[in-house]
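Working notes, beginning with the structure itself.
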Amino acid sequence: MEQYKPSKIEKKWQDKWEKSGIYKDYTKSKKFYALDMFPYPSGTGLHVGHPKGYIATDVVSRYKMLKGYSVLHPMGWDAFGLPAENYAIENKVHPKEAVDKNVVVFKKQLERMGFTYDWDREVNTTDPKYYKWTQWIFLKMFEKGLAYESNEPVNWCPKCKTVLANEDLENGLCERCGTQVVQRKMRQWVLKMTDYADRLLYDLDSEDLDWEDSIVQQQKNWIGRSEGAQFDMKIAGSNEKIEVYTTRVDTSFGMTYAIVAPEHPLIEKMKDKIENYKEVEKYIIAAQNKTELERTELQKEKTGVELKGIKVINPFNNEKISLFVADYVLGHYGTGAVMAVPAHDERDFEFAKKNNLDIKQSVAPSFMVTEGKDAVRDDKKTVKRKTVVVIIKHWKKNEIFCLNWEKFGWKSFIIGGVKDDESSENAVIREVKEESGYKDIKNVKKIGGETHSSFYAEHKGENRYAETECYVVELGGSEHIAPKDEDVKNHRGEWVPGGEVCSYINLNVHEWFCDIFEKGETAFVGNGVLINSGEFTGITSEKAREEMTKWLEKNKSGKKMVNYKMRDWVFSRQRYWGEPIPIIHCEKCGAVGVPEKDLPVELPEVESYEPTGTGESPLANIKDWVNTKCPKCGGPGKRETNTMPQWAGSSWYYLRYIDNKNSKSLIDKKKEKEWMPVDLYVGGAEHATRHLLYARFWHKFLYDIGVVSTKEPCKRFIYVGLIGAEDGRKMSKRWNNVINPDDVIKEFGADSLRLYEMFMGPFTQNIAWSTEGVKGVRGFLNKIFRYLELNIENFQKRSDGRIEQLLNKTIKKVTEDIENFRFNTSISQMMIFLNFLFKTQEELKKSKSEADRKKGEFTIGQSFMISKSDFEKFIILLSPFAPHICEEIWQEKLKHKESIFKEKWPEYDKKLIKDEEIELVVQVNGKLRDRIKVSADISEDEAKKVALESEKVNNFVKDKEPKKMIFVKGKLINIVTS
RNA sequence: GGGCGAGUGGUGGAAUCGGUAUACACGCAGGACUUAAAAUUCUGUGAAUUCAUUUUCAUGAGGGUUCGAGUCCCUCCUCGCCCACCA
């Protein structure tokens, strides 16, 4: 029998596809843009983990082609950056040479996997024809004031000898070499990404973006928007002031001191007035010399020095308080100065404790109570659960309540108020019944004391107090209907059904918390109700933030303020191998952009790529290149010698694929409209806060200047789960556990590699490689070949009914699974289908031999076998995953003249998917007791009858009378006896 | 410390709506083929119990809701990723 030999077959088809350009059909009416993160062509080549994402996009691309789409599926090289440069330094070759060499290797490796890349569209970020446009974008940003020069301290990696962006750090270490980064003041180019912060944040929730939650969340956290207030604090006896930023202006009355960061300009300004300036100066110098690591990890203890002789004034109560310098306040965030409220901020609390500073409470804890998630009414459903009603009373006893709040294990609470004159258990229960529609209230526990009660609720912007008693009431035992919207409206405000309104109960427990303060245990950082806060006393934290900010505005001493954790993008590197920044410095005109007609500013040849470490890149040594004319005034000018970071080229590459040969513009408008946005983008999750953020930023800028027509670059992004080594470690040269895809392809074939990587588990999950697993999928491919060899003469006109049905189910499942990136289950479904073909074949053999034994006539007829057209459908389903073997079968075995690419993706027949007969599951008290074959549309009555007739069932029901029966149509019946 | 996610056989995993837990695959065991091995193929394979039918127990631990829970709720434990003095 002919064996399936991947090595011969695969090469043959790869060549034919490439030659015919069959997948480059861009004439269809529907488009699909599938994008991979282009690789950095390193010297080590690919390992099996790299292509996982590429395989997935290729599967989807081929699937979309069969579905009648024009599919854009390009590939290119992100080749600027340190590794190539370091290699160049070591080996004294031009980085370009190393890159070119590596690209050849990478391309060959990718080609062996049978990807449908359109290599005519290949881009390379180091190609002057490409980086001309990277520079062009920079120039446009420069023109719009989004690229600016700055002298702020930046992260400097002493080993890489370059500045790094915030995004390039890992725990304060250089992400590339692990060296401790130091802060260094340097002139550098910065992109004003913070101007786009709000749009970058809000568009994450827009319809243009369908990304995985975790990635969206990561970006949100990275952007780190916070809303608060900024206000002035006057320095007593001086005209100077500091500005502080806080998100908790509601705690202002608890302020007992203020702090400035070591780099705050006030210190220099007030030098003369600071009595202990020497001590302060010493502290500042020490702080500057601290590494990031010391500031965070090692140096957990908060340090600081008081600026003696200086007092600042709390604008809310005109109190004079001390000012400190402490390095737990960051100079670059907010205003570099904060108010300190030890009672309500853990860091301030810690610092205050250490330095014996005052602690003053201004917010009393209160508890937010909302309904449990499961109680949120769903229009279709009855909410079924046990509910606890808590009504709070006496504040001196509520310590018990607070302590036990969580320990009781109640899952949710409804707050109810009782009318003043009706404080009794019965009143509570009656009211609960009436107002909520809940029935079967039981298990009433009184947890309150005897005195007055204080029930506090914020409802639709209004604060209400009610006198209440304190009870715990357990609701449940049977189904109840969640309240309707009308009911909510009718409520007095105390009720919060459906989780639609948040309520506060002022438990007046601050005394209890005060105890803790006195014991020195904790700060209360939650929201609550203001105490000791002058005119603001008694309102909630939320309300207080609004009101107190308004107060500041009215008194012209502060305003509402928004801050971001995200900082502007430090955009210059002091290295050779990057795009030159197209700027000329002129003594007269300052920084002048290189005129568009002179782009690209090509990287000049240098003798040494070695970084200088002086804050200039090696380009600074090429005097001929550096010295030029100012484009504005014609006078002497010097070229900018810094280069762009590695992330520049990749921030817009997806656009260039669409029109990669255009020398007149970055992209042709018509073509851009035709293809954008990217429909599917697959790549590593580690790019969530860097590349994906940068690309969105640049894209939005390009949108603003009219280059692109979409607000977001890509519609759907899915991250790839990593492939670990077989030993459970990371695949790495260091552990000598790297699996090279070339070896796998050589032994098992590209189809097996593709199929295995898609089969190994959920796509986004990290999973270890298993060579045994590859053998498994190869067996599957072999079996298809074998089945065909055995049965190619036996195809019937129409398939066995069971095969037909299973095939239609398979079409449905595979189609849906590809759309949803559940490749593993679509492959297992195809395995199930093939297994069934073998099973029917066994049945066929059996009947044959039986016929032989009886010496009867035997014809295959229409049973047991599959029709040619149905088998072909199966092959088409498999072809996106294992294109080579499918093309081989299609053209060589099934004798089609045209490629399988020309086929249409099969549709399933809804009628055929329905089962006529099912196995009715019969449960007794929820336990499986029997399965009975019945017609699929069996009625409830019939099902009951059949179920009760079953002997097995009767063993369990015995003489007990069934209390009720639960029937799920087409699935099961549950007999309840107890 | 904060955010997100996960925990199911010996292993990777399936069960997407609260309805038959362990699909599919690997591994393992036994049989066939072979001088032999590999390859291939067939059968079995959660645990306990039983000759067997069977029954009981099992989805990190413990509780809860439900006729019914891997799935929902609460508490706890473990692991992974991201961020981390952001006021």
Side-chain angles (χ1 to χ4, degrees), chain A residues 3 171-172 212-218 220-222 224 226 228 244-248 251 259 295-297 299-300 302 326-330 332-335 337-341 345-348 350-351 372-375 384-387 406-412 476-479 563-567 685-686 688-689 756 759-762 764-777 779-780 782-783 786 816 820 822 824-825 827-832 835 842 919-928 931 952 955 963-966 968 971-978:
Chain A
Q3 283 286 314
N171 292 328
E212 303 212 25
D213 259 8
S214 65
I215 303 286
V216 168
Q217 206 53 49
Q218 269 185 56
K220 283 185 179 173
N221 290 346
W222 187 265
S226 75
V244 298
Y245 172 74
T246 178
T247 54
R248 287 303 301 274
T251 63
I259 317 160
R295 268 181 83 138
T296 55
E297 305 275 311
Q299 197 88 23
K300 279 247 158 88
K302 296 192 171 27
D327 67 359
Y328 77 91
V329 170
L330 306 173
H332 60 75
Y333 183 78
T335 55
V338 298
M339 67 172 186
V341 185
D345 181 284
E346 272 165 21
R347 293 153 301 183
D348 297 341
E350 198 188 312
F351 188 77
K373 227 186 193 172
D374 63 334
K384 294 185 286 177
R385 65 190 174 85
K386 194 168 107 182
T387 301
E406 286 183 337
K407 287 183 187 160
F408 286 177
W410 299 322
K411 61 178 176 185
S412 54
S478 69
E479 295 182 11
N563 259 311
Y564 303 93
K565 284 195 210 174
M566 184 179 82
R567 289 155 76 182
E686 71 275 14
T689 52
Y756 172 66
F759 182 62
M760 58 198 300
T764 54
Q765 194 171 307
N766 299 348
I767 301 173
W769 178 263
S770 154
T771 300
E772 294 300 330
V774 188
K775 284 184 196 168
V777 293
F780 168 64
N782 282 341
K783 264 167 97 171
R786 192 158 54 90
E816 289 171 359
N820 293 304
R822 292 190 300 248
N824 53 334
T825 49
I827 293 167
S828 88
Q829 181 65 34
M830 289 189 278
M831 288 172 167
I832 290 168
N835 288 348
E842 281 300 307
E919 280 198 332
L920 182 75
V921 169
V922 184
Q923 297 178 332
V924 178
N925 295 327
K927 282 197 175 163
L928 173 78
R931 287 166 220 211
K952 285 180 194 165
N955 286 339
K963 273 195 186 157
K964 67 172 164 180
M965 296 206 205
I966 283 138
V968 182
K971 268 199 175 137
L972 63 77
I973 184 157
N974 188 8
I975 302 166
V976 186
T977 62
S978 56

Which nucleotide, [options], lies nearest any side-chain atom of [X]?
X      : options                : value
A:V329 : B:rA25, B:rG19, B:rA87 : B:rA87
A:K783 : B:rA21, B:rG3, B:rU41  : B:rU41
A:S214 : B:rA87, B:rA14, B:rC4  : B:rC4
A:S226 : B:rA87, B:rA23, B:rC83 : B:rA87
A:T689 : B:rC83, B:rG19, B:rC24 : B:rC83

Legend entry - A:K565-A:N221 side chain donor-acceptor pair, cut-off 3.5 Å: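 No, because no side-chain N or O of A:K565 sits under 3.5 Å from a partner of the opposite role on A:N221.
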Inset, instruction - Kindly indicate, with the supporting measurements, whether the criterion side-chain contact (heavy atoms from CB on, under 4.5 Å) is fulfilled by A:T977 and A:N925. - result: CA-CA 7 Å; A:T977 62; A:N925 295 327; 3.1 Å; yes
Inset, instruction - Look at the aromatic rings of A:F351 and A:Y328 and report parallel, tilted or perpendicular, splitting at 30° and 60°. - result: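 The rings of A:F351 and A:Y328 sit tilted, inter-plane angle from 30° to 60°.
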Legend entry - Closest-nucleotide 5' rank along RNA chain B - winner of A:P762 and A:M831: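 The residue closer to the strand's 5' end, by nearest nucleotide, is A:P762.
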Inset, instruction - Map A:G224 and A:Q218 onto RNA chain B by nearest heavy atom, then report which one ends up closer to the 5' terminus. - result: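 Its nucleotide being nearer the 5' end, the pick is A:Q218.
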Inset, instruction - With P as the reference atom in both, quote the distance from B:rA69 to B:rC57 in angstrom, rounded to an integer. - result: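 Taking atom P in both B:rA69 and B:rC57, they lie 12 Å apart.
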Inset, instruction - Rounded to whole angstrom, note down the C1' distance from B:rC83 over to B:rG12. - result: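 Those two atoms are separated by 30 Å.
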Inset, instruction - Indicate, with a heavy-atom threshold strictly under 4.0 Å, whether A:K775 touches base, sugar-phosphate, or nothing. - result: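 Counting heavy atoms under 4.0 Å across all strands, no contact is made by A:K775.
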Inset, instruction - Decide, for B:rG44, between syn and anti: a glycosidic angle within 90° of 0 counts as syn, anything else as anti. - result: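 Base orientation relative to the sugar is anti.
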Legend entry - For B:rC17, glycosidic torsion class - syn if within 90° of 0, otherwise anti: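 Base orientation: syn.
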Inset, instruction - Determine: side-chain N/O of A:K927 to OP1/OP2 of B:rC57, distance under 4.0 Å, yes or no. - result: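 Checking A:K927 against B:rC57: at least one side-chain N or O falls below 4.0 Å of OP1 or OP2.
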Inset, instruction - First locate atom CG of A:N974, then atom CG of A:L928, and finally report the distance between them rounded to the nearest 0.5 Å. - result: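 CG of A:L928 is found 10.5 Å from CG of A:N974.
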Legend entry - Residue matched to B:rG62 through Watson-Crick or wobble contacts both under 3.5 angstrom: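 When the pairing criteria are applied, B:rC74 turns out to be the nucleotide that pairs with B:rG62.
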